[in-house]
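Position 1 is the first residue of the sequence; numbering continues from there.
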Amino acid sequence: MRGKMNLEEYFKRIGFHGSYDKPDLATLQLIHKQHVMSIPFENLSIHCGERNIMDLDAIFNKIVRSNRGGWCFENNSLFGWVLREMGYNTTTLGSRVFSSIINDFGLRESHLIHKIIIDGKAYIADVSFGVSCQILEPLELISGKDQPQAAGVFRLIDQEGVWVLEKTGRKPEVLNPDFATSSLVNKKETFPIYCFTVKPRQAEDFFEINHILQTDPSSLFICKSICSLQTPAGFRVLVGWTYSEVTFKPEEGVDVFDMRNITDDEMEQILQGKFSVKLQNKLQPVNKKADYSI
């Protein structure tokens with residue numbers, strides 16, 4: 001029987017060595033950044049014949065003890081537990097992700113995030129969106145303010161009680177001509193990511209959508225196997241057999257996309273070497289058509 005969840009193991013997993021007695025903004029920013037640089041956003045379990053369950057003990061064992069990543073219901077649930085254990089005033093929220101197919105936000109809250117209040121100011125934390133939309137540090141919940149980070153400029157806009165997260169990025173510079181027209185490369189510079197209200201949510205509010213997203217044939221997470229990890233200069237991502245390393249070059253106004261297809265023989269080596277992920281069961285990579293860009 002494995003021991004109960006504890007902060008020390010989590011901090012070791014993300015390489016955090018600081019003091020955590022004081023639930024202040026600087027500590028929150030640091031652990032948020034360490035989390036996204038250490039723990040991948042990934043849905044590989046679904047493509048290994050496994051299930052993603054919203055049980056904190058199971059999530060802790062998977063992400064912290066088995067060195068895996070997870071999707072938002074796992075990563076952000078774990079992060080919420082960490083914040084509460086550390087004494088942060090934390091509220092779970094649900095958000096609706098933007099779809100370019102319908103050119104609107106989805107009808108259901110399919111993404112879990114957190115609101116944290118520190119010294120009377122509210123912040124949004126999200127350690128599990130992945131790729132170029134991943135925030136490194138929490139965003140202040142203030143309407144219309146430009147909040148520049150490595151990936152671009154993020155903005156939260158209050159539209160009569162519905163908050164919209166948008167990002168202004170840079171032009172993609174795709175090195176491999178084979179991928180010049182790939183649907184994985186986002187050509188829009190300013191775009192919405194998701195919207196949310198500040199109405200509190202509980203884990204059980206997401207049980208149904210957690211099930212649907214890993215069983216509905218039209219779900220992005222069924223159509224594509226994804227593993228994404230932030231790096232000091234950008235991010236790495238594996239979608240199906242396509243491996244990409246993206247480097248942010250703000251001084252040149254571009255993001256450089258180094259993309260290639262890998263073979264089944266390289267799969268294990270890439271997962272282990274680039275994401276520190278070792279799977280128990282065999283991965284069946286998938287990259288069917290779906291509304292997704294990196």
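By the 4.0 Å N-to-carboxylate-O rule, Arg170 lies too far from Glu252 to be salt-bridged with it. Here Arg96 does not pair with Glu109 in a salt bridge; the nearest charged N to carboxylate O distance is not below 4.0 Å. Salt-bridge formation is detected for the pair Asp24/Lys22: a Lys NZ or Arg NE/NH1/NH2 atom is positioned less than 4.0 Å from an Asp or Glu carboxylate oxygen. Taking 4.0 Å as the cut-off between side-chain N and carboxylate O, Glu266 and Arg260 count as a salt-bridged pair. In this structure, Glu173 does not pair ionically with Lys249, as no charged nitrogen and carboxylate oxygen lie closer than 4.0 Å.
You'll find the ring centres of His114 and Tyr123 outside the 6.0 Å limit. Aromatic rings of Trp71 and Phe221 (six-membered ring for Trp) have centroids within the 6.0 Å cut-off, being under it. Residues Phe11 and Tyr20 bring their aromatic ring centres within 6.0 Å.
Heavy-atom minimum distance, Pro285 versus Ser225: CA-OG, 3.5 Å. When all heavy atoms are compared, the tightest approach of Cys223 to Ala290 is CB-CB, 3.9 Å. For the residue pair Leu93 and Phe206, the shortest heavy atom distance occurs at O-CZ, 3.8 Å. Nearest heavy-atom pair across Ser110 and Val97 is OG-CG2, 3.8 Å. Taking every heavy atom of both residues into account, Leu213 and Ser219 meet most closely at O-OG, 2.6 Å. Scanning all heavy atoms of the two residues, the minimum distance from Ile294 to Ser244 falls at CD1-OG, 3.7 Å.
Residues Phe191 and Asn186 are in side-chain contact: their nearest non-hydrogen atoms beyond the backbone lie under 4.5 Å apart. Between Leu283 and Leu271 there is a side-chain heavy-atom pair separated by less than 4.5 Å. Side chains of Val174 and Met259 form a contact here, defined as non-hydrogen atoms less than 4.5 Å apart. Proximity of Phe154 to Gln149: side-chain heavy atoms (C-beta onward) are separated by under 4.5 Å at one or more points. Proximity of Pro138 to Leu28: side-chain heavy atoms (C-beta onward) are separated by under 4.5 Å at one or more points. Taking 4.5 Å as the limit, every side-chain heavy atom of Lys288 sits out of range of all side-chain heavy atoms of Lys224. Between Leu136 and Val36, the closest side-chain pair of non-hydrogen atoms falls below 4.5 Å.
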Going through the checks in order, is the side chain to side chain donor-acceptor pair (under 3.5 Å) test met by Asn76 and Ser128?
CA-CA 6 Å; Asn76 277 331; Ser128 199; 5.1 Å; no
Begin from the C-alpha positions of His111 and Phe196 and carry the test ring pair (Phe, Tyr, Trp, His ring centres under 6.0 Å) through to its verdict.
CA-CA 9 Å; His111 185 60; Phe196 58 93; 9.8 Å; no
side-chain contact (heavy atoms from CB on, under 4.5 Å) between Thr263 and Trp241: does it pass, once the steps are laid out?
CA-CA 7 Å; Thr263 62; Trp241 292 267; over 6 Å; no
Could you walk me through whether Tyr194 and Glu166 pass side chain to side chain donor-acceptor pair (under 3.5 Å), step by step?
CA-CA 7 Å; Tyr194 52 69; Glu166 66 168 38; over 6 Å; no
Given side-chain contact (heavy atoms from CB on, under 4.5 Å), test Ile124 with Leu165 step by step and report yes or no.
CA-CA 10 Å; Ile124 294 296; Leu165 171 63; over 6 Å; no
side-chain contact (heavy atoms from CB on, under 4.5 Å) between Phe275 and Ser228, worked out:
CA-CA 8 Å; Phe275 302 97; Ser228 153; 5.6 Å; no
Verdict with reasoning, Asn52 to Lys62, per side chain to side chain donor-acceptor pair (under 3.5 Å)
CA-CA 10 Å; Asn52 289 338; Lys62 175 182 173 180; 3.0 Å; yes
Pair Thr27, Met86 - check side-chain contact (heavy atoms from CB on, under 4.5 Å), show working.
CA-CA 10 Å; Thr27 307; Met86 291 176 72; 3.8 Å; yes
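The main-chain N or O of Gln202 is found under 3.5 Å from a side-chain atom of Asp205 such that the two form a donor-acceptor pair. For Gln147 (side chain) and Glu140 (main-chain N/O), a donor-acceptor pair under 3.5 Å exists by modelled atom type. No donor-acceptor pair under 3.5 Å is formed between the side chain of Lys167 and the backbone N or O of Glu189. Formation of a donor-acceptor pair under 3.5 Å by the His32 side chain with backbone atoms of Asp126 is found in this model. Judged by distance alone, with hydrogens and angles left aside, the side-chain atoms of Gln29 form no donor-acceptor pair with the main-chain N or O of Glu137 at under 3.5 Å. Asn43 places a side-chain N or O within donor-acceptor distance of the main-chain N or O of Ile226, the cut-off being under 3.5 Å. Side-chain atoms of Asn75 come within 3.5 Å of backbone atoms of Gly70 as a donor-acceptor pair (strictly under, hydrogens ignored). Looking at Gln214, its side chain does come within 3.5 Å of a backbone N or O of Asn210 through a donor-acceptor pair. Remark: side-chain polar atoms of Thr231 are paired, donor with acceptor, to backbone N or O of Gly234 under 3.5 angstrom. With hydrogens and angles disregarded, a donor-acceptor distance shorter than 3.5 Å links the side chain of Gln34 to the backbone of Ile14.
In summary, the side chains of Glu9 and Asn6 do present a donor paired with an acceptor at a separation below 3.5 Å, with no hydrogens or angles considered. Residues Thr168 and Arg155 bring a donor and an acceptor atom of their side chains to less than 3.5 Å of each other. Side chains of Arg51 and His211: a donor on one and an acceptor on the other come within 3.5 Å.
Within a 6.0 Å sphere centred on CG of Leu107, heavy atoms belonging to other residues, nucleotides or ligands number 12 at most. Annotation for Glu251: atom CD counts as buried by contact number, over 12 foreign heavy atoms lying within 6.0 Å. With a 6.0 Å radius and a threshold of 12 heavy atoms from other residues, nucleotides or ligands, Glu208 has its CD atom at or below the threshold. Counting heavy-atom neighbours within 6.0 Å of Lys33 NZ, excluding the residue itself, gives a total of 12 or less.
In this structure, CG in Leu56 is found 12.5 Å from NZ in Lys4, a value given to the nearest 0.5 Å. With values rounded to the nearest 0.5 angstrom, Cys72 atom SG is found 7.0 Å from Phe41 atom CZ. A distance of 7.0 Å separates OG in Ser182 from NZ in Lys187, rounded to the nearest 0.5 Å. Annotation: the span from Leu139 atom CG to Ile113 atom CD1 amounts to 9.5 Å, rounded to 0.5 Å.
Ring geometry for Phe98 against Phe105 counts as perpendicular: the plane angle is over 60°, on a 0 to 90° scale with 30° as the lower cut.
Hydrophobic clustering (ILVMFWY, side-chain heavy atoms < 4.5 Å, transitive): Ile116 and Val198 are in distinct clusters.
The only option from Lys115, Arg84, Arg201 that meets the side chain to side chain donor-acceptor pair (under 3.5 Å) definition with Thr92 turns out to be Arg84. Considering Glu245, Glu42, Glu268 as possible partners of Lys274, the one that fulfils the salt bridge (charged side-chain N to carboxylate O under 4.0 Å, His left out) test is Glu245. Considering Arg68, Gln280, Glu74 in turn, Arg68 is the only one that fulfils the side chain to side chain donor-acceptor pair (under 3.5 Å) rule with Ser45.
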